[in-house]
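Down below is the structure, laid out as structure tokens.
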Amino acid sequence: MPELPEVETVRRGFHELVAGRQFSQVEVYRDRLVRTQLGGPSEFRARLLGQNIEGVARRGKFMWLALANGQAMVVHLGMSGQIRPLTKEQAAGPARRHERVRFWFQDATEELAGFSFIDQRTFGSLQVCDTVPTSDGFPAGWPLASTHLPLPAAKIARDLLDPYLDTAAVINNWKQRVAPIKTLLLAQNVVSGFGNIYADEALFAAKVRGTTPAGALSHKKLQDILDQGARIMTDSLSRGGTSFDALYVDVNGESGTFADYLQVYGRAKQPCRVCGQELKVIQLAKRSHHYCVSCQRSRSLPRLEGK
DNA sequence: AGCCCGACCTGAAAGC
DNA sequence: TGCTTTCAGGTCGGGC
């Protein structure tokens, strides 16, 4: 499932594919994929035709194509979104299974004539929109220098691989929250990029059970969760991310190999690699939470002061 | 505002 | 065997 390392893997290939090119044609095969577009599919198409692409930026799990006119095409992979290049022959053929949107380049060659957005479960989305300045004045997304970000990404916090992430502010926010720490890791508005896999892995590495109220954890513990999360995501990125099946692949159709290194996610009933205890899975915030009963101790609720 | 929960969607896998 | 139910996931919008 595309979380930060998977999205960044895709972004790198996507950037190589589109930087410096121009859209000559766009076709939406499934309207649902542009459901967030003001004006619908026709507006989506109209705002892209003839536009030059400067590059691809990313914040958390959101990517966007920076267009030369200052607008941006936001791309979210959802659960099963993929970006795949098209040869001239493929670009002239009919839509493939699960192909939802197709894009053609002005300067088409035999080997590269455009690309497709493929998405089995259609949780992904595409949208062309205006951009707004970042609230902190720093670059909006990795790795472009522009300090303007697309409107839908404005509510998304910086991620753990973003050099401008204010980790002290993240911890201060968490210290004042009573929600389970895992719920806060999955929300994207304080720190972004975590999905169910890396949230569980970071919590295991920091020896924190996901049900623990964030405010009950020490400053040091919260810092450790961020440190472990950054380390794990960096590791995963170096291996092309986590693939369980053909739903997550990079722009070349290659799977990542980090699934082999997961400590808890998807390992319920198997032995903990640290202590040998049988790993457990519970429902938390309507998501599965995998953890080790003995390595990740249960913690008491915080004592609320006064009032 | 913080927090929780249902809806969205598809296909694989499990249940009957 | 074949039909039905369950499950997985990220984000959004609604309710309290």
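Letters A, B, ... mirror the listed sequences (proteins, then strands); counts begin at 1.
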Quiz prompt | salt bridge (charged side-chain N to carboxylate O under 4.0 Å, His left out) contacts in which one or both residues fall within residues 122-150 of chain A, not counting sequence neighbours | solution = A/Arg47-A/Asp130, A/Asp136-A/Arg158
Quiz item: To the nearest 0.5 Å, what is the distance between CZ (A/Phe123) and OG (A/Ser80)?
Solution: 8.5 Å
Quiz item: Looking at A/Phe14 versus A/Phe115, is the centre-to-centre ring distance below 6.0 Å?
Solution: yes
Practice problem: Decide whether A/Gln82 and A/Asp119 meet the rule of one side-chain donor and one side-chain acceptor closer than 3.5 Å. | Solution: no
Quiz item: Starting at CG of A/Leu77 and ending at P of C/dG10, how long is that distance when rounded to a whole Å?
Solution: 12 Å
Quiz item: If only side-chain N and O atoms of A/Lys155 are considered, is one of them under 4.0 Å from the OP1 or OP2 phosphate oxygen of C/dT11?
Solution: no
Quiz prompt | Degree of bending, the helix from B/dG2-C/dC16 to B/dC16-C/dG2 (end axes from five pairs; round to 10°) | solution = 50°
Self-check item: Given A/Val281, A/Leu203, A/Val264, A/Thr183, the one that forms side chain to side chain contact (heavy atoms under 4.5 Å, CB included) with A/His289
Solution: A/Leu203
Quiz prompt | Nucleotide B/dA13, atom P - distance to CZ of A/Phe244 in whole Å | solution = 14 Å
Practice problem: Give a yes or no on whether A/Leu38 atom CG has more than 12 heavy-atom contacts from other residues, nucleotides or ligands under 6.0 Å away. | Solution: no
Practice problem: Assess A/Arg21 against A/Phe105: is NZ or CZ under 6.0 Å from the centre of the six-membered ring, and within 45 degrees of the ring's axis? | Solution: yes
Self-check item: Whole-Å distance separating the CD atom of A/Gln127 from the P atom of C/dT11
Solution: 14 Å
Quiz item: Contact class for A/Thr36 (heavy atom, under 4.0 Å): base, sugar-phosphate, or nothing?
Solution: nothing
Quiz item: For C/dT11, does OP1 or OP2 lie under 4.0 Å from any side-chain N or O of A/His76?
Solution: yes
Self-check item: Members besides A/Tyr291 in its Ile/Leu/Val/Met/Phe/Trp/Tyr cluster (side-chain heavy atoms under 4.5 Å)
Solution: A/Ile282, A/Val293
Quiz prompt | Annotated protein contacts, base or backbone, on nucleotides 2-12 of chain B with a non-hydrogen cut-off under 4.0 Å, one of B, S, - each | solution = SS--S-BBBS-
Quiz item: Between residues 192-202 of chain A and DNA chain C, which residues have a heavy-atom gap below 4.0 Å?
Solution: A/Gly195, A/Asn196
Exercise. Compute whether any side-chain donor of one residue and acceptor of the other, for A/Arg239 and A/Thr257, lie under 3.5 angstrom apart.
Key: no
Self-check item: A/Ser238: partners by side-chain contact (heavy atoms from CB on, under 4.5 Å), with sequence neighbours left out
Solution: none
Practice problem: Would you mind telling me which residue lines up with the more 5' stretch of DNA chain C, A/Met79 or A/Pro152, judged by nearest nucleotide? | Solution: A/Met79
Practice problem: State which residue, out of A/Arg59, A/Arg58, A/Lys61, fulfils the salt bridge (Lys or Arg N to Asp or Glu O under 4.0 Å) condition with A/Asp159. | Solution: A/Arg58
